[in-house]
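All figures in this text were calculated on a predicted structure; none of them were measured in a lab. Chain letters run A, B, ... following the sequence lines, proteins first and then strands; every chain starts at 1.
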Amino acid sequence: MTEPSKQPIHGVPEHQPVAGGIAARARAAAGGPQYLSGLNPEQREAVETLDGPVLVLAGAGTGKTRVLTTRIAHILSQGRARPPEILSVTFTNKAAREMKLRLGQMLGQAVEGMPWLGTFHSIGGRILRVHAELVQLKSNFTVLDVDDQVRLLKQLLQAEGIDDKRWPARMMAGLIDGWKNRGLMPSQVPAGEAASFGNGKGGKIYATYQERLKILNAADFGDLLLENIRLFRENPDVLRGYQNRFKFILVDEYQDTNVAQYLWLRLLSQAPSRPGLPLSAVIPGRLEEANPESRDQEGSSRESGLAPDSAPRNDGSPQPPTRNICCVGDDDQSIYGWRGAEVDNILRFEHDFPGAKVIRLERNYRSTGHILAAASHLIAHNEGRLGKTLRTEDVDGEKVTVTGSWDSEEEARAIGEEIEELQRAGENLNDVAILVRASFQMREFEDRFVTLGLSYRVIGGPRFYERAEIRDALAYLRTINSPADDLAFERIVNVPKRGLGDATVQMLHDHARKRRIPLFEAARAVVETDELKPKARGSLRDLVMQFDRWRAQSEVTSHTELAEIVLDESGYTEMWQKDRSADAAGRLENLKELVRSMEEFENLQGFLEHISLVMDRDGDAGDEAVSLMTLHSAKGLEFDNVFLPGWEEGLFPSQRTLDEQGRAGLEEERRLAHVGLTRARRRAKIYFATNRRIHGTWSTTIPSRFLDELPAHNVEITESKGGSGWGGSGGYGASRFDNLESFGSSYSTPGWQRAQANRRGGQNRGGSGFEERQSSFSGSRSGTSGGFGQARRGPMVIEGELVAKSTGTVSEFSLDDRVFHQKFGYGHVVRIDGNKLTIAFEKAGEKKVVDSFVERA
DNA sequence: GGTGGAGCACTTTTT
DNA sequence: GTGCTCCACC
């Protein structure tokens, strides 16, 4: 994390990173500070506009990180603030690390003094620890991961007598997470939503869960922000302290912020309010003024229900002035809507921060002309965007290629071959990436690469600290550090096996609840009694004694040594050594890695505080290897050669997203496609397969509609291997990719031309949408849908306009035709709108349906 | 209390 | 096809 300083551009006095030193040198350079040279005019403006709110719309590859880091350097060198007075938040640890690294290169040692550069969660957690007692926690509180969360919820559900088959704990965890993302405390959850779980008990569970967290001295991920917001709201003086401290706020990836993050930023970015001013005035209401048109999803659960106590803005009292907040983002790269991110935040920035200056960075320094044109054309199909026109001064380069193959195996084979070819041509494998939509796609590539002997690395995947052995080890350390951490104790009480099974644990629970003491203390008490069988009793006594000993040792031994001792004496290491399964060796290796990583921290406490937040595996960029990752984790990266497999309806755009988010989901998928394309510097290669295995069974798929949205001029259709055989069946209608042979290099198929014509005149918003989509398809969704059903389901979820765009077909039905529908039965056509039919059913009444769902009767 | 087999659900994306 | 959970048996 701490980067040994590379060649500092400006020699900064080693210890005290005071601005004066930099500034003096910087100003000495003729023609302005050296760090500003090489910036284009827009970038320079973004760096130099220090006062007031600034939104930098930075398209892909336009030098976003450079602007952020240079801006910090500029603030420091101008003497406008000292490092601890700058709050700089990112989303990922990777991004934070990258910024620290670059700042280090720019300023030398000064990074050491940037204590407030980090992720939302780590900074939130840090603030929370300082004021823990104000939110009913102790400063050494534990951060729970999803697994702990679910286990705790399972207990609570059981206590409430809720059947966890029907209402899984995982689902409840998801709900709570969603509420927290939206800044909702238990009392603020809309009644309807609270009741939607567990026969109306959802809200109660949430409240109990929060209470339990306090008892366990624990916070979950969402709490790191939500409790922070509560802290600020309930303690105006604390808030003021931070408002005064942070003279500048910088936010990376603003398009990914959720409501909670927005509120948090909002609180911090106001000028300190006058004493006595009700704090609620500081938080502008957003719900009240939300633009209903911007959300065409009826009943959208993403509707941000804001805290009721947030007063509407402009209630007469003057708006407190906004501080120097600079948000950098790209609405076209917002791909975390499903996790509660509100694209709205960036779309409404000027509204939220009056007087904001908006700067667009549109010059792309990454991709060649064809790639950029393809990406831009694709993303132009989205409606809810601020609009940027990326341009490049680079050469056109190679066209984007689209290749169809018979099935996913062939797709992997073809990509493998192409990569080998690139390799022979002298390309470095580190400059090659395969970006997939969903992680299950990776397997096929891994299999293929293993046979080819092609080295690859998977980026993302299960986080290091999510592995069972790591969590077990951490649970031991947590129990030592915090005897109240029941979840940790429970996790390892019988790992390795000690003959302390469910019955014993249940007993401990009863005991603990009755006497209102932690599990561990209950264990200590129980061994003194004869409530347990001698065997269990002895084994539990040993465990309690061991922990006592370890705790004593933790006072005198270094935390790394302690960890080794604990893992050894507990028998945990031995357990894996005896394990004969294939991955046992890897697990032992991971444990060693864990101990090694502890050295970076001063003590056990410090280590535990950070582990759950900052511990992500740095993709050991050792040898040359192809990178394999999801599109999501590719954001922010770039490669010379990018392979984009799996562009098929249902997979990409993902059916699930379409089902759940409708049109907004489609736009998000399209942004994902845009992110994928813009990762490429020189070559972008798209693939689709006609047959893909889903849940172990093969099903036929249809080329993605996104292929139809690529500009002909910048795309080359390459030879498909494995011949033809896919027909435009499945009720989807013709796509220009149905027949590659005839398609050739000219975009002359009827389907393409129709699509074009459709697009030109295509501003007819299907305003009413498809009321029927729920009812007509819910039937086919249940059960194991065959391949046909899968494919059919694809396009129709989307509003009529889009279906029409892709198929371009004029309905084969005419008015008054008598038709039959699987679900609604017989009826006759009363209206035709492209391929949308309005049909008066004899039983079901008037409905709108897509023509492919009815047949002539 | 521990182990192994059978049946099940599942496939986005993650700080 | 796989990985997980649950249940029955040892």
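The aromatic ring of A/F221 sits over the base of B/dT15, with ring centres less than 5.5 Å apart and planes tilted by under 30°.
Atom CD in A/Q655 sits about 14 Å away from atom C1' in B/dT11, given to the nearest Å. We find that CD of A/Q158 is positioned 14 Å from C1' of C/dC6, with the value rounded to whole Å. For the pair A/E648 CD and B/dT11 P, the computed distance is 19 Å after rounding to whole Å. Atom NZ in A/K497 sits roughly 11 Å away from atom P in B/dG4 (whole-Å rounding). Regarding A/D147, its CG atom lies at a distance of 17 Å from the P atom of B/dT14, rounded to whole Å. Per the geometry, CH2 belonging to A/W338 stands 14 Å off C1' belonging to B/dT11, to the nearest Å. Between the CG atom of A/L500 and the C1' atom of B/dG2 there is a distance of 13 Å, rounded to whole Å. Rounded to a whole Å, the CG atom of A/N494 is 8 Å from the P atom of B/dG1.
A/Q441 and A/E411 share no donor-acceptor pair across their side chains, judged by distance under 3.5 Å alone.
Of the candidate nucleotides B/dT15, B/dT3, C/dT2, B/dT15 has the atom lying nearest to any side-chain atom of A/R339. Nearest to the side-chain atoms of A/T119 among the listed nucleotides B/dT14, B/dG2, B/dT15 stands B/dT15. Residue A/R443 places its side chain closer to C/dT2 than to any other of C/dT2, B/dT15, B/dT3. Across B/dG1, B/dT14, B/dT3, the shortest atom-to-atom separation from the side chain of A/Y336 is found for B/dT14. Comparing B/dG2, B/dT15, B/dG1 by their nearest atom to the side chain of A/A503 picks out B/dG1.
Comparing A/T504 and A/V146 along DNA chain B, the residue whose closest nucleotide (by nearest heavy atom) sits nearer the 5' end is A/T504. When each of A/S633 and A/D502 is assigned the nucleotide of DNA chain B bearing its nearest heavy atom, the one mapping closer to the 5' terminus is A/D502.
Look at A/E669 and A/R437 and you find a salt bridge, because one of the NZ, NE, NH1 or NH2 atoms lies within 4.0 Å of a carboxylate O, short of that distance. Comment: A/K180 engages A/D220 in a salt bridge, judged by a side-chain N to carboxylate O separation of less than 4.0 angstrom.
Within 4.0 Å (heavy atoms only), A/D256 reaches no atom of the nucleic acid at all. At the heavy-atom level, A/F91 lies under 4.0 Å from the strands shown only through sugar-phosphate atoms.
Between A/F449 and A/F445, the ring planes are tilted. Angles from 30° to 60° get that label. The aromatic rings of A/Y336 and A/H632 sit tilted, their planes meeting at an angle between 30° and 60°.
Side-chain N/O atoms of A/N258 include none lying less than 4.0 angstrom from OP1 or OP2 on B/dT15.
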